[in-house]
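Step one of this worksheet: look at the structure below.
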Protein chains: 2
Amino acid sequence: MQNRLQIKIETNSNIFTIEKGQLKVLLEKRKNEPFKGYWALPTKLLEENISLEDNNKKCIIEKIGNFDFNFFQTHTFSDVDRIIDQRVISTSFIGTIDNITINLKQDQIDEDEYKWFYINQLPKIAYDHEKIINFNIGKIKEKIINSDFLKRFYPSDFTLPELQLVYEDILKIEIDRRNFRKKLINMDMIEDTGYKNDGGNGRPAKLYRFKENNTQKNLF
Amino acid sequence: MQNRLQIKIETNSNIFTIEKGQLKVLLEKRKNEPFKGYWALPTKLLEENISLEDNNKKCIIEKIGNFDFNFFQTHTFSDVDRIIDQRVISTSFIGTIDNITINLKQDQIDEDEYKWFYINQLPKIAYDHEKIINFNIGKIKEKIINSDFLKRFYPSDFTLPELQLVYEDILKIEIDRRNFRKKLINMDMIEDTGYKNDGGNGRPAKLYRFKENNTQKNLF
DNA sequence: GCAAAAGTGTTTTCAATACACCCATGG
DNA sequence: CCATGGGTGTATTGAAAACACTTTTGC
């Protein structure tokens, strides 16, 4: 019979940022059983009178406040046994934000409860959320080939060596420094801000920004 | 309060084939109100103990029998007012099949109830299904750039002029006949079957097939 | 002045584009 | 033999790839 055991619907948020050329994801520490002490994606049961998209936004506002994340839906996970003794279907969202905004507002976030993890150094993850995270990292990989997407992570300045690291890390490829630079400049995608990166070893790198005109060109 | 008005979940099937270089979608005629006489995507309320993927497959088997469609999930539609007086969330699937198989098994399908429509000549569509169909046509467009995807529509033979029509129609571009041929052959994507198309006006076209090795290269 | 990291220029290779003529079939 | 549509070759252009040396900074 339909819905004898109540089927529940929830949304889950995969919020990513990039620091030092590497992807990080925001996770929430579970304070109760099951999976107490494990980390999980922020999730919220669907409210009656709102869309999945709005439910997801509300989830984040309630949990960590009013950030300007840029969300999009990726997949709805519905395996019967994804959560034991319950039937919960979970629609996944990817959110993106630049690291500078994060650093500015980091104090809004309770460090014990929410924490950023490099995707290569994930902690113990609750439920099937590791599978969900990996699925969404795959989606980011697809998107990152389209240069436009990186703007979400670098609305202001970046150096070319750092941007190159992003491509190399996420796409698992090696790129020649000179050709990478040439490609981005020839594609009319980026512009020199006139400023330079200070600190650190060696020659300071120039700071670039993405141009406005961006017409959805593919790199690689 | 959560779920005071029962939230229902359904799956909808967007089954596409290609005939004469143009996309067609399979629709079901509604026999009852609301939207009696309109056409709709095959849909099915989610059963308790199966995944959305299995629910979608079951929907098709029950409605039109055991075809070998190749399904994948695209998006979950959840606008509060997408269906009046009810709250129904709908997860969308794209299914693909080649036209030859369709023609062979066409007698399995009740012509009054189910019919193929060219996407440029859609009939009156029930609910928000036209929006859903258009969303999924967009997904196909994205996928078709990856050559591998076309294999689903052409598991056996095809002519290059026809394949070119597909690209031109779906991507809304014009391609030079000679360069198109060169590109596909240089990419090692297709091979000559040695046979020719008969009938029709003019010189018969060679029949090609997709090679097995296909390593996910992008055309255009 | 040395180590560290960033920046630059040239040559070669290969794919993309543009373009005009010939070929196989049906009637 | 003519109309219709399919098949082929070449020259040009431009981007991708491969590669080594110079420049700026901190210490």
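Proteins come first, then strands; the chains are lettered A, B, ... in the order of their sequence lines, and each starts at number 1. Just so it is clear, the values below take in all heavy atoms, side chains as well, and ignore hydrogens, waters and symmetry mates.
In this structure, CG of B/L184 is placed 14 Å from C1' of C/dA15, rounded to the nearest angstrom. Summarising the geometry, the separation between CD on B/Q164 and P on D/dG5 is reported as 14 Å, rounded to the nearest angstrom. Atom-to-atom, CZ of A/F180 to P of D/dA15 comes out at 18 Å; the value is rounded to the nearest Å. Rounded to an integer number of Å, the gap from B/I175 CD1 to C/dT17 P is 10 Å. In this structure, the NZ atom of A/K196 is 11 Å from the P atom of D/dG26, given to the nearest Å. Atom CZ in B/R178 sits roughly 17 Å away from atom C1' in C/dA15 (whole-Å rounding). At whole-Å resolution of the value, CG in B/D176 and P in D/dT10 are 16 Å apart. Nucleotide D/dC27 holds its P atom 18 Å from the CZ atom of A/R203, rounded to whole Å.
A salt bridge does not link A/D112 with A/K29: none of the charged nitrogens is closer than 4.0 Å to a carboxylate oxygen.
A donor-acceptor pair shorter than 3.5 Å cannot be found between the side chains of B/D79 and A/S51.
A donor-acceptor contact under 3.5 Å links the side chain of B/K182 to the base of D/dT10. Between the base of C/dA5 and the side chain of A/R177 there is no donor-acceptor pair shorter than 3.5 Å.
Side-chain nitrogen and oxygen atoms of B/K206 include at least one within less than 4.0 Å of the OP1 or OP2 phosphate oxygen of D/dT8. In this model, the phosphate group of D/dG7 is approached by a side-chain N or O of B/R181 to a distance below 4.0 Å at OP1 or OP2.
The shortest heavy-atom contact between B/N197 and B/P204 is O-CB, 2.7 Å. Nearest approach of A/T43 to A/K63, heavy atoms of both residues: O-CE, 3.3 Å.
The residue among A/G202 and A/N179 whose nearest nucleotide of DNA chain C is located toward the 5' end is A/G202.
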